[in-house]
Number of protein chains: 2
Amino acid sequence: MPRLTEARKELRRAQITEAAVRCFGRRGLERTSIADITAESGLSTGSIYAHYRNKAELIQATARATLVERAETLGRYADGDHPPGPDELLARMTAAIDPVAARFGVQIWGEATTDPVIGGIVVDMIDGVRAVVRDCVTAWLVKVEGRDPAEAGERAAPIAHRVMALYLAELLQAALRPNTEETTS
Amino acid sequence: MPRLTEARKELRRAQITEAAVRCFGRRGLERTSIADITAESGLSTGSIYAHYRNKAELIQATARATLVERAETLGRYADGDHPPGPDELLARMTAAIDPVAARFGVQIWGEATTDPVIGGIVVDMIDGVRAVVRDCVTAWLVKVEGRDPAEAGERAAPIAHRVMALYLAELLQAALRPNTEETTS
DNA sequence: GTCTATACGATGATAGAC
DNA sequence: GTCTATCATCGTATAGAC
């Protein structure tokens with residue numbers, strides 16, 4: 001019996017955070033009011049506060065949800081028997097960038113600068129993705145380049161570092177691309 | 001006569017924006033109130049609003065001031081008869097990163113996501129720095145690597161692109177490094 | 001759990017003396 | 001140009017009915 005209600009609860013939370021990313025993508029973290037999110041989600045103030053203690057907690061939850069989703073997407077591009085090389089991997093990662101998520105992501109970077117909790121989330125996420133990239137590059141070095149596994153592990157780290165930097169730069173660029181959806185200011 | 005007063009005015013504006021970056025670096029763009037900036041600058045509300053129409057304009061001015069200052073610093077690292085190679089250039093650029101400015105810079109990225117004016121400032125700044133880097137790399141290719149000028153120009157662009165990505169990633173990392181100065185929440 | 005209505009605090013901005 | 005004092009607005013969060 002807790003099963004079903006627990007699932008429903010999680011569904012509501014997802015409904016809220018998904019509405020939240022859209023709002024944040026439009027007006028930014030602090031400019032979107034709770035009222036904006038109620039309008040976007042179709043729920044009410046009370047309902048939102050039943051699921052999140054306050055706005056900060058909602059932002060954290062939204063950040064976590066978005067970032068782990070992105071990490072999972074990228075992880076999918078990195079595995080398989082024929083691991084892509086660095087260039088191909090980067091191309092796939094770049095292609096997978098969603099403009100709205102990118103905007104929200106960069107806003108989260110800014111918030112991480114000030115809020116230690118968000119900071120931890122962002123650092124964990126970046127470290128996680130970097131690890132995935134490193135593993136992928138290692139596998140590629142071994143399986144298609146024919147390197148020795150031990151040597152590949154060493155070589156992979158700096159390559160992964162560069163791939164990550166290029167990816168983050170692409171993310172930033174996507175976030176800065178003028179928003180098609182007008183910023184009703 | 002307008003000379004002197006104009007200079008004084010510019011000095012006041014600098015005094016305000018410098019106090020502003022410190023405040024922004026501490027508490028973030030929207031969490032710092034005008035009161036915070038008056039406290040940090042030693043000025044009063046009225047004085048600030050005599051120089052800037054509103055808070056948004058103050059943020060824009062602060063962003064412009066900080067970003068052009070950074071661009072100038074980087075430009076200095078890039079010229080001379082013995083232009084540094086890409087690795088050395090990146091090392092210098094990274095070493096020149098100021099933690100407070102980095103935090104503010106990343107916050108500005110987030111704001112650029114939403115505010116078209118800030119967006120323009122950030123894009124201009126990134127493009128400007130990239131151009132400086134490209135010129136430096138070109139000069140290096142010609143003067144120390146002995147490449148043909150025409151060929152150097154072509155090769156420099158992608159290298160500059162990578163150097164920029166690595167630099168932006170370092171900037172982000174610096175901004176995410178836990179703040180020593182506590183976030184009086 | 002979800003709603004409506006509301007209290008309360010914070011802060012951006014202005015007025016007017018000096 | 002700079003100050004102090006004040007206003008008005010807005011948005012978070014809560015209370016209480018259903």
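In the text below, chain A, chain B and the rest are named by the order of the sequence lines, each starting its count at 1.
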Trainee: If you count heavy atoms of other groups shown closer than 6.0 angstrom to CD of A/Glu57, is the number above 12?
Mentor: yes
Trainee: Kindly say whether B/Glu111 contributes a backbone atom to a donor-acceptor pair with the side chain of B/Thr114 at under 3.5 angstrom?
Mentor: no
Trainee: Got a list of protein N/O to nucleotides 12-15 of chain D N/O distances below 3.5 Å?
Mentor:
from   : atom 1 : to      : atom 2 : distance (Å)
D/dT12 : OP1    : A/Lys55 : NZ     : 3.2
D/dT12 : OP2    : A/Ile34 : N      : 2.8
D/dA13 : OP2    : A/Tyr49 : OH     : 2.9
D/dA13 : OP2    : A/Lys55 : N      : 2.9

Trainee: Hey, is CD on A/Glu154 packed in by over 12 heavy atoms from elsewhere, all under 6.0 Å?
Mentor: no
Trainee: Between A/Glu18 and A/Arg22, is there a side-chain N and carboxylate O pair less than 4.0 Å apart?
Mentor: no
Trainee: Between B/Ser33 and B/Asp36, is there a donor-acceptor pair closer than 3.5 Å when you use the side chain of the first and the backbone of the second?
Mentor: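 Indeed, once roles are kept as given, a pair shorter than 3.5 Å links the two residues.
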Trainee: Please tell me if the side chains of B/Thr73 and B/Tyr77 come closer than 4.5 Å, counting only heavy atoms from C-beta onward.
Mentor: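 Result yes, sub-4.5 Å side-chain heavy-atom pair found.
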Trainee: Reading DNA chain C from 5' to 3', where do the contacts with chain A start and stop? Cut-off is 4.0 Å to heavy atoms.
Mentor: C/dG1 to C/dT4
Trainee: Flag the pair A/Glu30 and B/Arg31 as a salt bridge only when some basic side-chain nitrogen lies within less than 4.0 angstrom of an acidic carboxylate oxygen.
Mentor: no
